[in-house]
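Reminder, nothing fancy here: chain letters follow the sequence lines and each chain counts from 1.
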There are 2 protein chains.
Amino acid sequence: MPSWETPPDQLPPVAAVQKLLRALADPVRLEMVRRLATHPAGEAPCSDLYEGLNKSTATHHFKILVEAGILHPVMVGPSRGHRLRRTALQQAVPGLLDALMGALAREG
Amino acid sequence: MPSWETPPDQLPPVAAVQKLLRALADPVRLEMVRRLATHPAGEAPCSDLYEGLNKSTATHHFKILVEAGILHPVMVGPSRGHRLRRTALQQAVPGLLDALMGALAREG
DNA sequence: CTCCAAGTTTGACGAACATCGTACTTCTCC
DNA sequence: GGAGAAGTACGATGTTCGTCAAACTTGGAG
């Protein structure tokens with residue numbers, strides 16, 4: 001994987017709806033996205049996005065989210081992290097992220 | 001299961017976001033919902049909602065969608081069918097269904 | 001009443017998936 | 001440069017999930 005920082009704006013395209021849903025349908029990954037979405041900067045170091053998980057398991061989930069086009073690996077300060085691809089996601093499935101995050105916030 | 005027709009408006013509540021996503025994350029089930037959503041009446045007999053599947057497999061998927069609160073088993077004419085719980089769904093996760101169906105229509 | 005079509009239930013099987021431990025890479029900081 | 005933290009890659013493992021086949025149920029049509 002890129003020892004170099006983040007690739008330019010030529011990121012992998014956002015996946016099809018079915019694959020997106022699959023990526024979001026896991027509690028761990030949904031929580032990762034939720035934390036990232038509530039983060040004001042829209043990005044955070046890896047370790048801020050999960051708890052009580054083995055590191056390798058976390059990496060596994062990150063990979064799935066990246067391959068779905070939901071996350072974008074970046075360097076955040078000294079360590080690695082991820083950014084939520086809000087605009088790309090909004091363009092692919094307008095309203096999806098807002099709908100999900102709104103409902104999540106509502107259901108506590 | 002109810003040999004009698006559809007229960008009154010006291011339907012099971014729509015499930016939490018995570019369970020909803022899980023229910024929709026399968027290609028077969030997503031197609032079922034898509035067909036139902038495009039159906040003008042918002043309801044259709046079971047056999048109109050899938051193809052190339054064993055009947056028992058279809059029943060399995062229907063059960064998951066019903067338990068998630070997405071579908072509502074009804075009698076449609078002589079045979080059984082399902083209705084899409086649009087309003088309940090819209091109340092639980094506003095915009096979700098529209099976002100998904102819009103994207104599906106767009107991606108062919 | 002009997003037969004048939006349409007769904008459901010149950011059980012079994014194979015594939016996909018989440019999780020972990022360990023070893024390896026690659027940074028940063030001293 | 002070396003030590004250590006932070007992630008990643010790789011197997012291995014147990015569980016969940018989608019699928020089917022066969023037996024049962026139910027509602028209508030003849």
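- Side-chain N or O atoms of Gln18(B) include none that pairs as donor or acceptor with a backbone N or O of Leu30(A) at under 3.5 Å.
- Closest heavy-atom contact between Ala103(A) and Val17(B): CB-CG2, 3.6 Å.
- Across the protein-nucleic acid pair, Tyr50(A) atom OH and dA18(C) atom P stand 16 Å apart, rounded to whole Å.
- Between Glu51(A) atom CD and dT19(C) atom P the separation is 14 Å, expressed in whole Å.
- Taking the charged nitrogens against the carboxylate oxygens, Arg35(B) and Glu31(B) do have a contact shorter than 4.0 Å, which makes a salt bridge.
- Spacing between atom CD of Glu67(B) and atom P of dT9(C) amounts to 10 Å, rounded to whole angstrom units.
- Of the two residues near DNA chain C, Lys55(A) and Phe62(B), the one whose nearest nucleotide lies more 5' is Phe62(B).
- Taking the side chain as every heavy atom from C-beta outward, Arg29(A) and Tyr50(A) never approach each other to under 4.5 Å.
- Rounded to a whole Å, the CE atom of Met75(B) is 10 Å from the C1' atom of dA6(C).
- Rounded to an integer number of Å, the gap from Leu49(A) CG to dG7(D) C1' is 13 Å.
- Between the Thr38(B) side chain and the Arg34(B) main chain, a donor and an acceptor come within less than 3.5 Å of each other.
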Summarise protein proximity over nucleotides 14-19 of chain D in one line of letters, 5' to 3': B for base, S for sugar-phosphate only, - for none, counting protein heavy atoms closer than 4.0 Å.
--SSSB
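- Here the P atom of nucleotide dG7(C) and the CG atom of Leu71(B) are 14 Å apart, to the nearest Å.
- For the pairing with Glu43(B), the salt bridge (Lys or Arg N to Asp or Glu O under 4.0 Å) check across Arg86(B), Arg83(B), Arg85(B) returns one residue only, Arg83(B).
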